[in-house]
Amino acid sequence: MTVDEVLRIMGEPTRTTAFSMDGRAQLKLEFAGAVPTKIVLADRKISSVKLDVFRPDKTDLPAFGRAAWPGLAESAVRQVLGVPTENRHYNLFGINVDQWIFMRDGRADLSVFLRAGRVIARGTGREVPGDLLRVELPSPPKAESPTLAPRLGMTTNDIEELYGAPHYRVDYVFNGQPSLHAVYKVGEKGPFIAVTFVDGVVTELEDLGTVLNDPVFQGR
């Protein structure tokens, strides 16, 4: 899919970033909506699609709070923001969550929410957002005809019916949700694709090309 086709389907992006990687012109398009989406194009063709299924940050964050980005360890948060003014602890639906509140003169209060020692969200003020742990998963694609290509919203079984068992996989838990990052080989010689699943549903696809066939990646 080309950049023109993406814009025709998605509309105008809220943010566009151009950069270069491995000698290829890259373009990242960010789209707002119920499920924020990031699309990366390499040489004007899609190479990565990612849905932010977890609660997105609000846009009115105090500037000083942007240094505590999601995924940051609590020790690093203390390094960039200092000691929190107040520390609150909650058990939300069986999930332990810490709320660190930071104050700066003349600025709005900042709340940083952590789970298992990692930042999961940030917000302005001291209220706990009602959608803090909400996950917005994509709907399964319409089964109008058999497909030979992976799509957002597919399940783990759908992907393995296309490509078989993954070349390698990493299982983990993020924000209380079972997650999986797997790499599949397309055909006997590649290319490879990386797929991220949240609760068994595809939320991210990335074209890795044939780089994993390189002897360096094969340990030779």
Side-chain angles (χ1 to χ4, degrees), residues 1-2 5-6 9-10 19 21-24 26-31 34-56 69-73 95 115-120 133-220:
M1 185 178 290
T2 66
E5 291 171 325
V6 171
I9 295 171
M10 300 292 294
F19 58 100
M21 182 179 295
D22 297 329
R24 304 176 70 191
Q26 309 267 344
L27 183 67
K28 180 168 72 173
L29 306 177
E30 299 181 43
F31 299 89
V35 182
T37 304
K38 295 180 182 178
I39 298 176
V40 176
L41 299 103
D43 295 334
R44 299 185 64 82
K45 292 185 179 181
I46 285 183
S47 65
S48 173
V49 180
K50 180 179 181 179
L51 301 181
D52 185 2
V53 297
F54 296 100
R55 177 183 177 271
W69 37 267
L72 199 65
I95 298 174
R115 179 179 183 274
R118 297 278 179 178
V119 175
I120 60 171
L133 299 177
R134 186 179 68 193
V135 176
E136 300 281 4
L137 293 176
S139 301
K142 294 181 180 179
E144 297 175 350
S145 60
T147 179
L148 299 178
R151 297 182 182 178
L152 299 175
M154 281 184 163
T155 65
T156 309
N157 288 338
D158 293 333
I159 296 296
E160 293 192 354
E161 285 180 6
L162 289 176
Y163 304 122
H167 192 65
Y168 74 80
R169 60 182 289 162
V170 177
D171 295 270
Y172 59 102
V173 175
F174 184 71
N175 207 6
Q177 299 293 326
S179 303
L180 165 66
H181 186 73
V183 171
Y184 296 87
K185 191 174 184 178
V186 183
E188 293 185 2
K189 298 183 179 180
F192 294 85
I193 64 166
V195 185
T196 299
F197 302 87
V198 174
D199 201 17
V201 176
V202 176
T203 63
E204 182 178 1
L205 296 165
E206 183 177 4
D207 180 6
L208 300 178
T210 58
V211 65
L212 294 187
N213 280 326
D214 190 296
V216 172
F217 289 92
Q218 300 295 332
R220 301 195 298 270

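Start at 1 with the first residue, then count along the sequence.
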Within this structure, what is the [atom1]-[atom2] distance for the pair [X] and [Y], rounded to the nearest 0.5 Å?
X      : Y      : atom1 : atom2 : result
Glu206 : Phe192 : CD    : CZ    : 13.5 Å
Glu160 : Met154 : CD    : CE    : 12.5 Å
Lys50  : Ile39  : NZ    : CD1   : 13.5 Å
Phe19  : Leu27  : CZ    : CG    : 8.0 Å
Asp207 : Ser48  : CG    : OG    : 9.5 Å

Q: Apply salt bridge (Lys or Arg N to Asp or Glu O under 4.0 Å) to Asp43 and list each qualifying residue two or more places apart in sequence or on a separate chain.
A: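 Checked Asp43 against salt bridge (Lys or Arg N to Asp or Glu O under 4.0 Å); matches are Arg24.
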Test item: [X] and [Y] side chains (from C-beta on) under 4.5 Å apart, heavy atoms:
X      : Y      : value
Lys28  : Glu30  : yes
Pro166 : Val183 : no
Ile193 : Pro150 : yes
Leu29  : Met10  : no

Q: Under the side-chain contact (heavy atoms from CB on, under 4.5 Å) rule, collect the residues that match up with Ala116, sequence neighbours excluded.
A: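 Applying side-chain contact (heavy atoms from CB on, under 4.5 Å) to Ala116 gives none.
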Q | Ring geometry between Phe197 and Tyr184 (parallel below 30°, tilted from 30 to 60°, perpendicular above 60°) | A |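 The arrangement is perpendicular - the two ring planes meet at more than 60°.
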Q) Can you name the one residue among Leu205, Val6, Val40 that meets side chain to side chain contact (heavy atoms under 4.5 Å, CB included) with Ile46? A)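 By the side chain to side chain contact (heavy atoms under 4.5 Å, CB included) criterion, Ile46 pairs with just one of Leu205, Val6, Val40: Val6.
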Q: Measure across Glu204 and Leu152 and return the closest heavy-atom pair with its distance rounded to 0.1 Å.
A: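 The pair with the smallest heavy-atom distance is N-CD2, 3.8 Å.
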Q. Which atom pair, heavy atoms only, marks the closest approach of Ser47 to Gln26?
A.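 Where Ser47 meets Gln26 most closely, the heavy atoms are OG-OE1, 4.3 Å.
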